[in-house]
Engineer: 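Quick one: this structure, given as structure tokens, is what I'll be asking you about.
Source: prediction; values computed, not measured. Every heavy atom of this structure was used, including side-chain atoms; hydrogens, water molecules and symmetry mates were not. Just follow the structure's listing: the first ligand is 1, and inside any ligand the first atom is 1.
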Amino acid sequence: MEFSIKSGSPEKHRSACVVVGVFEARKLTLAAELIDKAANHYLSDVIRRGDMEGKAGSTLILHDVPSTLCERVLLVGLGKEKEFRDKEYCSAIRNAVNALNATGAADGTLFLTECAVKKRTLAWRIRQAAIIAEESLYRFEQFKSKKDEVRRPLRKLTLAIERRNDLALAEEALAQGLAIASGVALARDLGNLPGNVCTPGYLAETARQMAHDHALDCQVLERTDMEALGMHSLLSVAKGSHQPPKLIVLHYKGAIAGTGRGKGSQEKPLILVGKGITFDSGGISLKPGLEMDEMKFDMCGAASVLGALKAVARMKLPINLTVLVPTSENMPGGAASKPGDIVTSMSGQTIEILNTDAEGRLILCDTLTYAERFDPETVIDVATLTGACVIALGHVATGLFANDEGLARELLHAGDEAQDRAWQMPLWEDYQDLLKSNFADMANIGGRAAGSVSAACFLSRFTKKFAWAHLDIAGTAWKSGAEKGATGRPVALLTHYLLKRAGKLN
Ligand code: BES
Ligand code: MN
Ligand code: ZN
């Protein structure tokens with residue numbers, strides 16, 4: 001989709017479709033009012049007849065509205081004006097794009113971006129509009145022999161702003177929104193790919209391609225490299241698989257040495273770690289068959305950190321960002337890890353593997369130890385780590401754990417602003433006892449109670465040397481049922497956090 005920004009009156013706008021909002025109680029938005037005036041109350045007449053009451057979620061297409069230069073006017077219900085906030089704005093944009101896409105219009109102009117939203121800036125409105133539009137038009141059809149048959153002529157979206165003076169600011173916000181949308185789309189594509197295509201090797205190739213496209217440093221550690229480093233916890237997960245495991249390392253260097261551009265001492269890298277289990281069968285502790293196909297999504301953490309990196313590279317943010325992706329399959333087999341096996345992690349701490357299905361923490365812990373060598377500013381890991389997190393928070397909030405309150409607050413705030421929310425969970429010492437083992441320094445499971453907390457506690461034992469946060473995206477990374485598919489979360493949260501760190505948020 002092609003995007004642009006424009007200022008000017010809606011009735012004088014030459015377009016296949018002009019999109020304006022209507023609040024409940026027949027209250028027209030400013031743009032709707034301008035069209036109404038030019039068209040001699042055509043809109044208010046339609047509204048008085050009851051065809052459009054302004055209810056949230058409703059839309060109405062009008063053709064050949066008098067004294068306008070557009071072919072169609074699309075009215076979008078915004079709900080009660082008093083209750084119009086960020087969430088309502090985003091729904092309105094989504095409804096508008098979906099309705100627009102169902103018409104024969106080749107281009108459209110959204111005047112909804114002119115509607116003020118409490119506590120949100122113009123730049124925010126433009127960024128969200130671009131992200132949501134791209135998200136709504138996303139399709140994953142590469143394995144369908146017949147593509148979606150619906151005719152989709154929509155090729156161009158224009159976002160309207162009230163004041164010409166804001167043009168530069170809005171253009172920058174649009175570029176940011178499109179960069180974030182491309183990161184979200186990458187994360188969704190990787191997540192949606194089947195496990196027989198998206199293998200650890202495929203993720204490594206994707207990383208190399210990204211490095212080539214965006215001039216990043218890329219290194220892929222192979223099994224022998226990991227053996228030399230003593231990553232026996234990570235390697236233990238791959239033992240049952242025919243696919244060789246990889247540890248992907250990508251460096252983006254946008255901070256200019258010595259200038260301290262962005263915030264604070266930006267020469268230390270921010271590190272993102274993503275769980276990259278390309279299929280989680282559970283291993284010898286085999287999962288039940290129902291919905292096991294969804295365990296192809298067990299690399300969505302990896303997909304999201306690659307997506308965030310792509311967005312950052314496209315925006316050329318003045319930060320240093322390192323992305324680490326431990327990737328493997330978790331399969332049963334004659335050589336696979338068995339319950340009761342004990343491995344020594346790269347940190348030297350020993351782990352009793354009581355359940356081979358708690359494999360995410362086993363690949364993450366060695367990667368977190370490996371992160372120490374980059375002297376990070378902060379480390380954030382993203383993982384589809386526990387079914388227990390889905391029980392705790394459902395599919396609404398990502399679980400957030402942190403050993404640093406400042407970092408936790410920054411991430412919660414970013415999630416709130418980016419409409420990609422997280423909720424903080426406790427990481428108190430009291431929970432550490434759950435991981436006691438009779439035979440090793442710790443067990444890899446802590447029992448059924450507080451399952452997502454004990455998983456985070458396990459990781460916390462490998463993050464003593466830096467500020468660290470853990471995002472458990474088991475409930476938010478994909479949807480099940482009729483709409484089965486990767487969501488691209490939490491790319492928006494991560495990129496919002498990074499934009500803020502870079503001082504590039506308007
Ligand atoms: N990838 C799963 C977590 C998961 C399960 C995410 C279902 C989304 C839906 C993870 O590797 C896993 O299997 N965790 C176990 C841990 C348990 C054995 C302590 C779980 O949650 O059941
Ligand atoms: Mn598992
Ligand atoms: Zn898993």
Engineer: Among Thr367, Thr463, Val273, whose side-chain contact (heavy atoms from CB on, under 4.5 Å) with Asp381 holds?
Structural biologist: Val273

Engineer: Would Arg120 and Glu417 count as a salt bridge (Lys or Arg N to Asp or Glu O under 4.0 Å) here? Give the steps.
Structural biologist: CA-CA 8 Å; Arg120 300 291 183 246; Glu417 294 220 319; 3.4 Å; yes

Engineer: Treating Thr356 as the side-chain partner and Gly282 as the backbone partner, does any N or O pair qualify as donor plus acceptor under 3.5 Å?
Structural biologist: yes

Engineer: Decide, yes or no, whether a salt bridge links Lys239 with Glu329 under the criterion of side-chain N to carboxylate O below 4.0 Å.
Structural biologist: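 No, no charged N to carboxylate O under 4.0 Å.
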
Engineer: Protein N/O/S atoms under 2.8 Å of the Mn ion (ligand 2)?
Structural biologist: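 As for protein N, O or S atoms lying under 2.8 Å from the Mn ion (ligand 2), they are Asp280 OD2, Asp357 O, Asp357 OD1, Glu359 OE1.
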
Engineer: Residues around ligand 1, heavy atom under 4.0 Å from any ligand atom, sorted by chain and number. Can you pull those?
Structural biologist: Lys275, Asp280, Lys287, Met295, Asp298, Asn355, Asp357, Glu359, Arg361, Thr384, Leu385, Thr386, Gly387, Ile445, Ala474, Trp478

Engineer: Step by step, work out the salt bridge (Lys or Arg N to Asp or Glu O under 4.0 Å) result for Glu359 and Lys275.
Structural biologist: CA-CA 10 Å; Glu359 85 297 340; Lys275 171 178 172 183; 3.1 Å; yes

Engineer: Give a yes or no on whether a salt bridge exists between Lys253 and Asp217, defined as a side-chain N under 4.0 angstrom from a carboxylate O.
Structural biologist: yes

Engineer: Can the ring centres of Phe374 and His251 be said to be less than 6.0 Å apart?
Structural biologist: yes

Engineer: Could you tally the protein N/O/S atoms lying less than 2.8 Å away from the Zn ion (ligand 3)?
Structural biologist: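 Step by step: take the Zn ion (ligand 3), keep protein N, O, S below 2.8 Å, and you get 4.
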
Engineer: Would you call Glu377-Arg501 a salt bridge at under 4.0 Å N-O?
Structural biologist: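 Salt bridge: yes.
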
Engineer: Would you mind checking if Lys500 and Glu410 are paired as a salt bridge, meaning a charged N to carboxylate O distance below 4.0 Å?
Structural biologist: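 Not counted as a salt bridge, because no side-chain N and carboxylate O are separated by less than 4.0 Å.
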
Engineer: Can you confirm whether or not the ring centre of Tyr89 sits under 6.0 Å from the ring centre of Trp124?
Structural biologist: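 Judged by ring-centre distance (under 6.0 Å), Tyr89 and Trp124 do meet the cut-off.
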
Engineer: Applying side chain to side chain contact (heavy atoms under 4.5 Å, CB included), name anything that partners Lys465, two or more places apart in sequence or on another chain.
Structural biologist: Glu372

Engineer: Are any non-hydrogen side-chain atoms of Gln424 and Glu405 less than 4.5 angstrom apart?
Structural biologist: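 Result yes, sub-4.5 Å side-chain heavy-atom pair found.
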
Engineer: Going by the angle between their ring planes, with limits at 30° and 60°, are Trp468 and His470 parallel, tilted or perpendicular?
Structural biologist: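 Trp468 and His470: parallel rings.
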
